[in-house]
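Working notes for the structure below.
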Amino acid sequence: MTSAADPAAQRPQGDLTVRTIAMPADTNANGDIFGGWVMSQMDQAGGIAGVERAQGRVVTVAVDGMTFLRPVRVGDVLCVYTQVVGTGRTSMRIQIEAWARRFRTQTREKVTVGVFTFVAIDDEGRPRPIPPAAPGLSP
């Protein structure tokens, strides 16, 4: 029996934004996938979601509360889900979850979560206002 606190009992929150396979070149000295690789995939997914919401360029300015829950292994498919959880005048916070579909199984586990902050920028790299959300979209 699984509990509500058990990541395997949960469902991903947000939109599937990036999906990729973990390869041997991505491992750390322990043979698991390097946490920096997972974080990079999450940052890319957050950038994609940020560009869609801001309707233009964005940059990562902060990563808050990143938690590594379980290891990712070679052959796992990493699925990264994003959800804009707040916007300011030029910045937005995006909740990002990484889930692993385990190699040769249909088992899916939440492996990493975090909240990334992005700032919308113009062509000169200066902060610019984020347009109002379209009806039915996240903040």
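- When each of R104, R102, R108 is paired with D76, the salt bridge (charged side-chain N to carboxylate O under 4.0 Å, His left out) condition holds for R102 and for no other.
- No side-chain heavy atom of T17 sits under 4.5 Å from any side-chain heavy atom of V80.
- A donor-acceptor contact shorter than 3.5 Å is absent between the side chain of E97 and the backbone of Y81.
- A54 and A120 get closest at one heavy-atom pair: CB-CB, 3.9 Å.
- By the 4.5 Å heavy-atom criterion applied to side chains, D122 and R57 are not counted as neighbours.
- The heavy-atom pair separating T90 from P129 by the smallest distance is CG2-N, 4.0 Å.
- With rounding to the nearest 0.5 Å, the separation of CD in Q41 from CD1 in I96 is 11.5 Å.
- One finds the CZ atom of R73 at 13.5 Å from the OG1 atom of T27 (value rounded to the nearest 0.5 Å).
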Legend entry - CA sep, side-chain torsions, deciding dist, call: T117, T60, side-chain contact (heavy atoms from CB on, under 4.5 Å): CA-CA 6 Å; T117 302; T60 310; over 6 Å; no
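- The side-chain heavy atoms of M39 and V63, taken from C-beta on, include a pair separated by under 4.5 Å.
- Here the side chains of T82 and V84 are not in contact, with every heavy-atom distance at 4.5 Å or above.
- For the pair T105 (side chain) and T107 (backbone), a donor-acceptor distance under 3.5 Å is present.
- Follow the hydrophobic side-chain contacts under 4.5 Å out from V61 and you never reach F116; the two are in separate clusters.
- In this structure, the side chains of R53 and T87 come closer than 4.5 Å at one or more pairs of heavy atoms.
- At a threshold of 4.5 Å between side-chain heavy atoms, the hydrophobic network of Ile, Leu, Val, Met, Phe, Trp and Tyr places F68 and V115 in two separate groups.
- Hydrophobic cluster membership differs between F103 and I33, with clusters built from Ile, Leu, Val, Met, Phe, Trp and Tyr side chains linked at under 4.5 angstrom.
- Between the side chain of R70 and the backbone N or O of W99 there is no donor-acceptor pair closer than 3.5 Å.
- Following chains of ILVMFWY side-chain contacts shorter than 4.5 Å, one cannot reach F34 starting from V77, and the two form parts of different hydrophobic clusters.
- Using a distance-only test at 3.5 Å, with no hydrogens or angles considered, no donor-acceptor pair links the side chain of N30 to the main chain of D32.
- The distance from atom CD of Q106 to atom CZ of R101, rounded to the nearest 0.5 Å, is 5.5 Å.
- Side-chain contact between W37 and T20 is present, with heavy atoms from C-beta onward closer than 4.5 Å.
- Shown here for I130 and G88, the closest heavy-atom pair between the two residues is CD1-O, 4.2 Å.
- At a threshold of 4.5 Å between non-hydrogen side-chain atoms, the residues M92 and V119 do not count as touching.
- A distance-only check finds a donor-acceptor pair linking the side chain of R128 to the backbone of I121 [under 3.5 Å].
- A donor-acceptor pair under 3.5 Å is absent between the side-chain atoms of D43 and the main chain of G46, judged by distance alone.
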Legend entry - Residue pair T112, M42: steps toward the side-chain contact (heavy atoms from CB on, under 4.5 Å) verdict: CA-CA 9 Å; T112 312; M42 294 171 75; 3.6 Å; yes
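- I94 and V51 fall within the same hydrophobic cluster, where Ile, Leu, Val, Met, Phe, Trp and Tyr residues are linked whenever their side-chain heavy atoms come under 4.5 Å apart, directly or through other members.
- Here the side chains of V72 and L78 are in contact, with some heavy-atom distance below 4.5 Å.
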